[in-house]
Amino acid sequence: QVQLVESGGGSVQSGGSLKLSCANSGDIYSRYCMGWFRQAPGKEREGVATTSYGSTWYAAPVKGRFVISQDDAKTTLYLQMDNLSPADTAMYYCAAKRRCGIPAWDYWGQGTQVTVSS
């Protein structure tokens, strides 16, 4: 069973940077599609970035500012966040799924809060 725990969130000013981490302490021997999502108050949860089989995807609002990556053992997923703005304020979640070709995600972390002040 996959277990995901996010960390690295915090409060920063506009233009600042944060690096989020997602530790996968469960099924580390299987391949998964991994991703980062975020949800702000009053808004729907949205995809931020995903990675699978060496391929990456980024939502338009974060292109050029965020970078998703994994360590070689795939035990930790990262999200480097640069040039942050108040619009990036949200709870950020790590997610995983075995079948990247379907929309449903199988596992979720509990989230880490990112707050960007102006």
Side-chain angles (χ1 to χ4, degrees):
Q1 182 178 349
V2 173
Q3 298 169 239
L4 305 175
V5 180
E6 303 96 333
S7 63
S11 181
V12 298
Q13 293 185 332
S14 294
S17 298
L18 285 173
K19 187 173 184 177
L20 306 183
S21 298
C22 173
N24 177 8
S25 61
D27 187 2
I28 63 174
Y29 300 107
S30 298
R31 293 183 178 273
Y32 293 94
C33 181
M34 303 291 297
W36 287 98
F37 293 76
R38 67 185 183 184
Q39 186 169 26
K43 299 182 65 177
E44 295 184 351
R45 182 176 297 182
E46 62 178 353
V48 176
T50 62
T51 183
S52 179
Y53 304 107
S55 179
T56 59
W57 170 88
Y58 296 93
V62 308
K63 287 181 179 178
R65 299 190 298 119
F66 292 7
V67 177
I68 187 172
S69 63
Q70 292 179 287
D71 63 353
D72 291 338
K74 293 183 172 57
T75 56
T76 306
L77 180 73
Y78 301 99
L79 184 68
Q80 178 65 47
M81 309 163 65
D82 295 328
N83 299 316
L84 288 164
S85 70
D88 297 313
T89 295
M91 184 73 74
Y92 283 72
Y93 298 90
C94 175
K97 60 181 177 181
R98 291 185 174 89
R99 295 190 292 171
C100 296
I102 62 173
W105 292 79
D106 300 311
Y107 307 99
W108 293 86
Q110 293 187 335
T112 183
Q113 179 67 40
V114 172
T115 302
V116 185
S117 62
S118 59

Taking the side chain as every heavy atom from C-beta outward, state whether Asp106 and Val2 have any atom pair closer than 4.5 Å. no

Residues that Arg65 engages under salt bridge (Lys or Arg N to Asp or Glu O under 4.0 Å), provided they are two or more places apart: Asp88

I'd like to check Ser14 versus Ser117 (side-chain heavy atoms, cut-off strictly below 4.5 Å). Are they in contact? no

Is a donor on one side and an acceptor on the other found under 3.5 Å between the side chain of Trp36 and the backbone of Ala95? no

Please step through disulfide (SG to SG under 2.5 Å) for the pair Cys94 and Cys22, ending with a clear verdict. CA-CA 6 Å; Cys94 175; Cys22 173; 2.0 Å; yes

Checking Lys97 against Tyr107: charged group under 6.0 Å from the ring centre and within 45 degrees of the axis? no

Donor-acceptor contact present, side-chain Thr75 to main-chain Asn24, <3.5 Å: no

Do Leu4 and Met34 come within less than 4.5 Å of each other through their side chains, counting heavy atoms only? yes

For the residue pair Ser7 and Thr112, establish whether any side-chain heavy-atom pair is separated by less than 4.5 Å. no

Under the criterion side chain to side chain contact (heavy atoms under 4.5 Å, CB included), I'd like the reasoning laid out for Trp108 against Phe37: C-alpha separation, chi angles, the key distance, then a yes or no. CA-CA 10 Å; Trp108 293 86; Phe37 293 76; 3.7 Å; yes

So, do Thr50 and Trp105 sit near enough that their side-chain heavy atoms are less than 4.5 Å apart? yes

Please determine whether side chain to side chain contact (heavy atoms under 4.5 Å, CB included) holds for the pair Leu20 and Gln80, giving the CA-CA distance in whole Å, both sets of side-chain angles, and the decisive distance to 0.1 Å. CA-CA 6 Å; Leu20 306 183; Gln80 178 65 47; over 6 Å; no

Is there side-chain contact between Arg45 and Tyr93, with heavy atoms separated by less than 4.5 Å? yes

Can you give the donor-acceptor pairs under 3.5 Å from side chains of residues 55-62 to other protein atoms, not counting sequence neighbours?
from: Tyr58; atom 1: OH; to: Ile68; atom 2: N; distance (Å): 2.9

Taking the side chain as every heavy atom from C-beta outward, state whether Val114 and Arg38 have any pair of such atoms under 4.5 Å apart. no

Checking Asp71 side chain against Leu77 main chain: does a donor-acceptor pair fall under 3.5 Å? no

Looking only at atom types and distance, does a side-chain atom of Gln70 sit under 3.5 Å from a main-chain N or O of Thr76, one as donor and one as acceptor? no

Would you kindly say whether Asp82 and Ser17 are connected by a side-chain donor-acceptor distance under 3.5 Å? yes

